Participant: 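Have a look at this one.
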Amino acid sequence: LDTALPPGAPSSPNLFTNLFLATVLGLGLAIAIAVLREVFDDRMRSVEDVERKLRVPVLGQTPYVSHTLADELDSVFSPISEAYSSIRATLDFALPRASHPVIQFTSSQPGEGKTTSAVALATRFAALGRKVLLIDMDLRRPSVAKALGLERAQTGVVDVLYSRVPLERALANCGIENLFVLPTGQIPHNPVEILSSGLLPEFLARHRRDFDVIVID
């Protein structure tokens with residue numbers, strides 16, 4: 001009956017309502033994602049994370065070095081060299097010297113610094129006048145010889161474990177006083193069988209008293 005009046009604004013969408021709902025839903029989704037990420041993230045980013053998640057005391061930590069790692073380790077006053085010296089002192093305090101300790105280094109994946117740590121700690125124990133045996137037990141990707149600038153040996157730890165050669169014949173001369181290196185030698189085709197055979201514990205029991213410290217990579 002009356003003349004239609006054109007509206008002054010659209011009836012929908014309601015900009016204010018949509019902005020309010022979008023803000024609430026966006027914040028809620030962001031909080032939910034952050035909580036889920038925190039719950040399912042099992043990576044360890046600090047010393048406190050290591051102690052809380054693994055429930056073991058931390059012996060030390062080393063700074064990240066992107067290049068010239070060998071030069072940094074050789075420098076007595078470099079941050080990473082001082083860090084390894086501190087770790088060596090902590091180990092010295094934690095392990096009774098009379099027990100002729102055996103220290104094993106391992107990692108969850110390649111490139112984490114397992115060999116670097118083994119070599120660094122072995123050389124620092126040797127520098128104190130300790131008789132140290134460094135064993136390269138990485139039977140898939142041995143790298144101790146490369147880290148010390150040694151040539152690939154034809155005989156090594158596998159030959160010693162199977163009593164093919166005596167320990168003295170398999171040791172490599174690395175040029176560092178008090179440090180004796182037992183390289184891998186020829187890479188075996190059955191590393192799992194060798195490691196699970198019980199030969200290594202027998203070897204350690206036989207030669208443990210011959211060295212002050214045994215370091216296994």
Side-chain angles (χ1 to χ4, degrees), residues 59-60 69-70 73-74 81 84-85 87-217:
L59 297 173
L69 179 59
L73 288 173
D74 291 338
S81 181
Y84 277 119
S85 296
I87 295 172
R88 195 276 313 155
T90 304
L91 282 171
D92 224 8
F93 177 78
L95 300 173
R97 191 178 304 180
S99 66
H100 298 259
V102 177
I103 306 169
Q104 174 182 298
F105 288 87
T106 186
S107 62
S108 60
Q109 58 186 1
E112 290 186 337
K114 168 177 61 66
T115 300
T116 299
S117 298
V119 172
L121 266 297
T123 54
R124 276 151 183 77
F125 274 114
L128 295 177
R130 314 278 178 81
K131 188 179 181 182
V132 181
L133 175 63
L134 174 59
I135 306 175
D136 193 347
M137 281 300 299
D138 192 337
L139 302 182
R140 287 194 175 93
R141 298 182 181 87
S143 51
V144 168
K146 181 180 179 181
L148 291 172
L150 304 176
E151 296 182 357
R152 176 67 64 86
Q154 297 299 316
T155 59
V157 63
V158 177
D159 301 289
V160 175
L161 293 180
Y162 283 103
S163 301
R164 297 169 189 161
V165 297
L167 174 61
E168 293 74 17
R169 281 185 54 193
L171 294 177
N173 182 13
C174 65
I176 299 176
E177 189 177 2
N178 300 318
L179 179 60
F180 302 85
V181 179
L182 181 57
T184 300
Q186 296 296 320
I187 299 177
H189 64 278
N190 57 341
V192 176
E193 288 80 359
I194 295 173
L195 292 174
S196 59
S197 64
L199 293 173
L200 182 59
E202 293 176 4
F203 168 83
L204 294 175
R206 190 164 58 249
H207 295 283
R208 186 167 185 167
R209 296 290 173 181
D210 298 334
F211 299 91
D212 297 317
V213 181
I214 295 179
V215 179
I216 302 176
D217 178 16

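The figures that follow rest on heavy atoms only: side chains count, while hydrogens, waters and symmetry mates do not. Since the structure is predicted, the reported quantities are computational estimates derived from the model, not experimental observations.
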Participant: How close do Pro188 and Val158 get, heavy atom to heavy atom, and via which atoms?
Facilitator: CG-CG2, 4.1 Å
Participant: Write down the atom of Gly60, the atom of Ile87, and the distance for their closest heavy-atom approach.
Facilitator: CA-CG1, 3.9 Å
Participant: Are more than 12 heavy atoms, taken from residues, nucleotides or ligands other than Arg140, located less than 6.0 Å from that residue's CZ atom?
Facilitator: no
Participant: Quick one: pull up CD1 in Ile194 and CG in Leu139 and give me the separation to the nearest 0.5 Å.
Facilitator: 5.5 Å
Participant: Report the residues that fulfil side chain to side chain donor-acceptor pair (under 3.5 Å) with Glu202, sequence neighbours left out, ordered by chain and then residue number.
Facilitator: none
Participant: What pairs meet the side chain to side chain donor-acceptor pair (under 3.5 Å) rule with one or both residues in residues 101-113, with sequence neighbours excluded?
Facilitator: Ser108-Glu112
Participant: Just wondering, do Ile103 and Leu121 contact through their side chains at under 4.5 Å, heavy atoms?
Facilitator: no
Participant: Closest heavy-atom contact between Leu148 and Cys174?
Facilitator: CD1-CB, 4.2 Å
Participant: What I'd like to find out is whether the side chain of Leu91 reaches to under 4.5 Å of the side chain of Val213, using heavy atoms alone.
Facilitator: no
Participant: Measure across Ala118 and Val215 and return the closest heavy-atom pair with its distance rounded to 0.1 Å.
Facilitator: O-CG1, 3.8 Å
Participant: List, one per line, each side-chain donor-acceptor pair under 3.5 Å for residues 178-185, sequence neighbours excluded.
Facilitator:
unit_1, atom_1, unit_2, atom_2, d
Asn178, ND2, Ala126, O, 3.3
Thr184, OG1, Asp136, O, 2.8

Participant: State the CG-CZ distance between Leu134 and Phe211, to the nearest 0.5 angstrom.
Facilitator: 11.0 Å
Participant: Any non-hydrogen side-chain atom of Thr115 less than 4.5 Å from a side-chain atom of Lys146?
Facilitator: no
Participant: Scan residues 150-160 for pairs that pass side chain to side chain donor-acceptor pair (under 3.5 Å), counting only residues two or more places apart or in two chains.
Facilitator: Gln154-Gln186, Asp159-Arg164
Participant: Kindly give the heavy-atom pair with the smallest separation between Ile135 and Leu204, and that separation in Å.
Facilitator: CD1-CD2, 4.5 Å
Participant: Are side-chain heavy atoms of Asp217 and Val119 found at a separation under 4.5 Å?
Facilitator: no
Participant: Is there a donor-acceptor pair under 3.5 Å between the side chain of Asp212 and the backbone N or O of Val132?
Facilitator: no
Participant: Just to verify, what does Arg209 make a side chain to side chain donor-acceptor pair (under 3.5 Å) with, not counting sequence neighbours?
Facilitator: His100
Participant: Could you give me the CA-CA distance, side-chain angles and deciding distance for Leu167 and Arg206, then say whether side-chain contact (heavy atoms from CB on, under 4.5 Å) is met?
Facilitator: CA-CA 11 Å; Leu167 174 61; Arg206 190 164 58 249; over 6 Å; no
Participant: Please determine, by modelled atom types, if Arg208 and Ser99 share a side-chain donor-acceptor pair under 3.5 angstrom.
Facilitator: no
Participant: Indicate yes or no for a side-chain donor-acceptor contact from Arg88 to the backbone of Tyr84 under 3.5 Å, with no hydrogens or angles considered.
Facilitator: no
Participant: If a pair satisfies ring pair (Phe, Tyr, Trp, His ring centres under 6.0 Å) and one of its residues is in residues 183-203, list it, with sequence neighbours excluded.
Facilitator: Phe203-His207
Participant: Rounded to the nearest 0.5 Å, how far apart are CG of Asp138 and CZ of Phe105?
Facilitator: 14.0 Å
Participant: Is any side-chain heavy atom of Asp92 closer than 4.5 Å to one of Leu128?
Facilitator: yes
